[in-house]
There are 2 protein chains.
Amino acid sequence: MGDRHMGVTGSLEPCADQDYPDCGVRHLLDRLGDRWTVLVLAELSAGTRRFRELQRALPGISQRMLTLTVRRLERDGFVERTVYPSVPAQVTYELTARGGSLTRQVRHLVDWSAEHKDDLTASRREYDARRRNA
Amino acid sequence: MGDRHMGVTGSLEPCADQDYPDCGVRHLLDRLGDRWTVLVLAELSAGTRRFRELQRALPGISQRMLTLTVRRLERDGFVERTVYPSVPAQVTYELTARGGSLTRQVRHLVDWSAEHKDDLTASRREYDARRRNA
DNA sequence: CGGAATCCAGCGCGATACTG
DNA sequence: CAGTATCGCGCTGGATTCCG
């Protein structure tokens with residue numbers, strides 16, 4: 001039980017990296033945790049998109065955040081950016097194989113959260129109710 | 001291709017919730033995305049822990065953040081908090097079944113990121129190098 | 001069209017001090 | 001031991017402006 005190096009059914013193996021723990025999942029979760037990355041992945045998983053198309057598909061996103069989000073995805077090799085030297089400029093974004101792989105992982109999380117959504121909501125209401133009466 | 005409602009191998013199904021998209025994954029990723037939640041899950045997946053034990057196991061966490069993190073996990077029903085009315089007070093935390101389920105999901109992400117860590121690092125270096133020369 | 005640059009508000013989080 | 005309360009900084013992300 002004290003063994004932190006078990007298989008898939010075991011623990012998560014805590015890991016003390018220097019100055020920022022988590023062995024690299026941290027970087028991934030930093031991206032997935034931000035406001036738009038998952039939505040961009042979702043939209044791109046439906047096919048190649050131009051900048052404008054992404055923006056229209058993601059109501060509320062600012063130009064700045066869309067740029068930052070796709071840039072970071074491109075930097076990590078999740079998205080490929082293609083510039084067509086037309087006038088006006090035309091740029092398309094599409095998932096790479098790695099991006100598709102990540103998206104499928106994310107989908108598992110999405111499915112899991114969908115499965116447990118009602119339970120979570122109930123737990124929260126219960127907790128808040130108990131707190132108010134205390 | 002335009003179908004956003006495919007099966008597991010398909011897209012992520014973008015979803016326009018009101019005022020905050022993502023259909024509930026958002027709330028989950030908000031937690032997983034913060035600095036300490038995954039680390040706490042990791043530690044608790046190794047067994048029941050007292051407040052102090054968690055704090056010692058998570059170098060750098062402040063009392064405040066540990067409290068907030070376990071509170072939110074408790075609120076969502078991922079962690080059970082037990083108070084023993086001894087003097088001084090003694091409180092233990094342990095994963096619930098739901099918390100264990102979530103932790104296993106997280107583990108998949110951890111495994112995935114471990115698998116692709118080197119590729120990501122390489123992609124970033126490549127991207128940054130290209131940027132500097134441009 | 002597809003950005004980059006700048007300014008600014010919110011809040012996540014750390015540090016510190018106090019409590020049952 | 002296991003918290004709660006308060007303050008303050010940094011970073012994320014929104015709004016706006018300008019550019020090729």
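Chain identifiers are assigned alphabetically (A, B, ...) following the order of the sequence lines, protein sequences preceding nucleic acid strands; residue numbering begins at 1 within each chain.
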Residues forming a side-chain hydrogen bond (donor to acceptor under 3.5 Å, both in side chains) with [X], sequence neighbours excluded:
{"X": "B:S123", "value": "A:R98"}
{"X": "B:S101", "value": "A:W112"}
{"X": "B:T67", "value": "none"}
{"X": "A:R56", "value": "none"}

Base, sugar-phosphate or nothing for B:Y93? Non-hydrogen atoms, less than 4.0 Å. sugar-phosphate

Is there any side chain to side chain donor-acceptor pair (under 3.5 Å) pair reaching into residues 86-97 of chain A, and which pairs are they, with sequence neighbours excluded? A:T48-A:E94, A:R81-A:Y93

Measure the angle between the two terminal helix axes of the helix from C:dC1-D:dG20 to C:dG20-D:dC1, five base pairs each, and quote it to 10°. 40°

Using whole Å, report how far [atom1] of [X] lies from [atom2] of [N].
{"X": "B:M65", "N": "C:dG12", "atom1": "CE", "atom2": "P", "result": "9 Å"}
{"X": "B:R35", "N": "C:dC11", "atom1": "CZ", "atom2": "C1'", "result": "16 Å"}
{"X": "A:D34", "N": "C:dC11", "atom1": "CG", "atom2": "C1'", "result": "16 Å"}
{"X": "A:R56", "N": "C:dG2", "atom1": "CZ", "atom2": "C1'", "result": "13 Å"}
{"X": "B:L66", "N": "C:dG14", "atom1": "CG", "atom2": "C1'", "result": "14 Å"}

Taking 5' to 3' order, which nucleotide of DNA chain D is first and which is last to have an atom within less than 4.0 Å of a heavy atom in chain B? D:dC1 to D:dT6

Close N or O pairs between protein and nucleotides 4-10 of chain C (under 3.5 Å):
residue	atom	partner	partner atom	Å
C:dA4	OP1	A:R71	NH2	3.4

Which pairs pass salt bridge (charged side-chain N to carboxylate O under 4.0 Å, His left out) with one or both residues in residues 68-77 of chain A, sequence neighbours excluded?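 Non-adjacent pairs meeting salt bridge (charged side-chain N to carboxylate O under 4.0 Å, His left out): A:D34-A:R72, A:R75-B:D128, A:D76-B:R124.
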
With a 4.5 Å limit on heavy-atom distance, are the side chains of [X] and [Y] in contact?
{"X": "B:V40", "Y": "B:E43", "answer": "no"}
{"X": "B:F51", "Y": "B:L66", "answer": "yes"}
{"X": "A:L102", "Y": "A:L28", "answer": "yes"}
{"X": "A:H108", "Y": "B:Q105", "answer": "yes"}

Assign each of A:R72 and B:F51 to its nearest nucleotide of DNA chain D by heavy atoms, then name whichever residue's nucleotide is nearer the 5' end. B:F51

For residues B:L95 and B:S45, report the shortest heavy-atom separation together with the two atoms involved. CD1-CA, 3.7 Å

